[in-house]
Amino acid sequence: MDGEIIRRLQAAADQSGVAIVSSFICSPIANTPSPIAKLVNRGFIIKPHAPMEIQDKRHLYAHGGEDLFFHPAQERCIFEYKGVKILLLVCYDLRFPAWARNQSGSDYDIILVVANWPEVRVQYWDALVAARATENQCYIAAVNMVGTDDKGLNYNGHSVAYDTRLQPIVSFADNEEGTKIADFDIAALHHFREVLPLWKDVDQFELKKIGINSHWHD
């Protein structure tokens, strides 16, 4: 957790005065009591001059064998940066609305998504990013990979940021790479939630912890 890459990212955050969000695969070590859980897909936010905060991936892609090698997040974390509350979703977590549900209407202001979502399923990416924004009355910024992995899967991006009315603030075309800036008006978001308080009608529920994967074997 304090390797060279993390130290460089922390230095970049300190020097630029901006927070950095991404994810990586690591051993949970002391972060979980289980000796069975070998790896986690660890989302993180690195703020200037502050300790790194983490959000592990909750939902493991069983079709790809992730449930055999990874341990799921046990709790959902909300980050706060400059007075703005942020929910981080790691890739496949985007598919699961209960995990992202804004039950109180003010759980968070922005959803950030980091993903390797393949081109063959990008139509679902497009639909799910929009759905998470509208059902939770929040901004969303979702960043997807461009390129080909070592298994030959192609990724064509479609990174996008939406406002609560599903108007794209910034968007990327097929296979487009680059840097774009999305401006989020948090005061306008809070006003929108007051004018149209859909959150008052949501189903209330409690997220439960997931047991250790019993299929792990050496």
Side-chain angles (χ1 to χ4, degrees), residues 19-25 39-45 54-70 72-73 76-79 84-103 107-184 189 198 202 207 210:
I20 298 171
V21 175
S22 190
S23 70
F24 63 100
I25 293 172
L39 299 168
V40 290
N41 192 340
R42 175 146 293 171
F44 65 85
I45 181 169
I54 63 173
Q55 172 64 73
D56 291 344
K57 184 178 181 180
R58 169 75 162 193
H59 300 90
L60 305 179
Y61 187 50
H63 182 66
E66 287 185 0
D67 58 327
L68 302 178
F69 302 100
F70 290 86
R76 193 183 80 172
C77 303
I78 304 296
F79 305 133
V84 177
K85 291 182 284 187
I86 299 167
L87 174 68
L88 175 59
L89 302 180
V90 179
C91 202
Y92 192 46
D93 285 338
L94 179 65
R95 275 190 175 269
F96 299 90
W99 182 244
R101 175 61 70 191
N102 179 13
Q103 292 197 68
D107 289 0
Y108 55 82
D109 304 305
I110 301 170
I111 295 176
L112 299 181
V113 187
V114 292
N116 286 8
W117 201 284
E119 181 178 9
V120 68
R121 290 187 289 276
V122 77
Q123 68 272 29
Y124 307 129
W125 164 268
D126 293 339
L128 291 165
V129 171
R132 295 297 85 83
T134 189
E135 70 195 6
N136 293 298
Q137 290 187 294
C138 68
Y139 289 111
I140 191 167
V143 179
N144 189 33
M145 173 179 167
V146 172
T148 304
D149 67 17
D150 59 1
K151 294 184 179 297
L153 279 175
N154 189 57
Y155 302 81
N156 62 332
H158 285 219
S159 297
V160 66
Y162 285 117
D163 66 14
T164 56
R165 300 175 187 272
L166 293 189
Q167 297 301 308
I169 302 171
V170 297
S171 60
F172 287 75
D174 263 7
N175 299 304
E176 182 184 359
E177 300 180 68
T179 301
K180 298 183 182 182
I181 296 175
D183 290 324
F184 297 146
L189 169 66
L198 303 178
V202 303
L207 292 168
I210 297 176

- Item | Pro97 side chain reached by Glu135 side chain, heavy atoms, under 4.5 Å | yes
- What residue among Ile111, Ile140, Asn102 forms side-chain contact (heavy atoms from CB on, under 4.5 Å) with Leu87? Ile111
- Separation between CZ of Phe44 and CD of Gln55, rounded to the nearest 0.5 Å: 13.5 Å
- Report yes if the side chains of Arg76 and Asp107 come closer than 4.5 Å at any heavy-atom pair, otherwise no. yes
- Message: Taking Tyr61's backbone N and O only, do any of them form a donor-acceptor pair with Glu66's side chain (distance below 3.5 Å, no angle check)?
- Response: yes
- Is it the case that Asp149 and Tyr155 place a side-chain donor and acceptor less than 3.5 Å from each other? yes
- Query: Taking atom CD of Glu119 and atom CE of Met145, what is their separation to the nearest 0.5 Å?
  - Reply: 12.0 Å
- Should Asp56 and Val90 count as side-chain neighbours, where that means a heavy-atom distance under 4.5 Å? no
- Nearest atoms (heavy-atom pairs only) where Ser22 meets Val114: CA-CG1, 4.0 Å
- Backbone N or O of Ala142 within a donor-acceptor pair of the Tyr162 side chain at under 3.5 Å? no
- What is the distance from atom CZ of Phe184 to atom CD1 of Ile86, rounded to the nearest 0.5 Å? 9.5 Å
- Query: Less than 4.5 Å apart, any side-chain heavy atom of Tyr139 and any of Asp109?
  - Reply: no
- Task: Mind telling me whether Phe96 and His59 have parallel, tilted or perpendicular rings, with 30° and 60° as the class edges?
- Result: parallel
- Query: Are Val21 and Phe79 side-chain neighbours, meaning at least one heavy-atom pair lies under 4.5 Å?
  - Reply: no
- Query: Among pairs that include at least one residue of residues 171-180, which meet side-chain hydrogen bond (donor to acceptor under 3.5 Å, both in side chains), considering only residues two or more places apart or in two chains?
  - Reply: Asn156-Asp174, His158-Asp174, Glu176-Lys180
- Sub-4.5 Å side-chain heavy-atom contact between Leu128 and Trp117: yes
- Identify which one of Leu94, Asn144, Leu166, Leu89 satisfies the side-chain contact (heavy atoms from CB on, under 4.5 Å) criterion when paired with Val129. Leu94
- Message: Heavy-atom count check: over 12 atoms from other residues, nucleotides or ligands less than 6.0 Å from Tyr124 OH?
- Response: no
- Taking side chain as C-beta onward, heavy atoms only, is Arg101 less than 4.5 Å from Asn136? yes
- Message: Rounded at 0.5 Å granularity, tell me how far SG in Cys77 sits from OH in Tyr108.
- Response: 14.0 Å
- Rounded to the nearest 0.5 angstrom, the CD1-OG distance for Ile45 and Ser23 is 13.5 Å
- Identify the heavy atoms of Leu153 and Pro118 that sit nearest to each other, and give their distance. CD2-CB, 4.5 Å
- Task: Using a 4.5 Å cut-off on heavy atoms from C-beta on, say whether the side chain of Leu39 contacts that of Phe70.
- Result: yes
- If you round to the nearest 0.5 Å, how far is SG of Cys91 from CH2 of Trp125? 7.5 Å
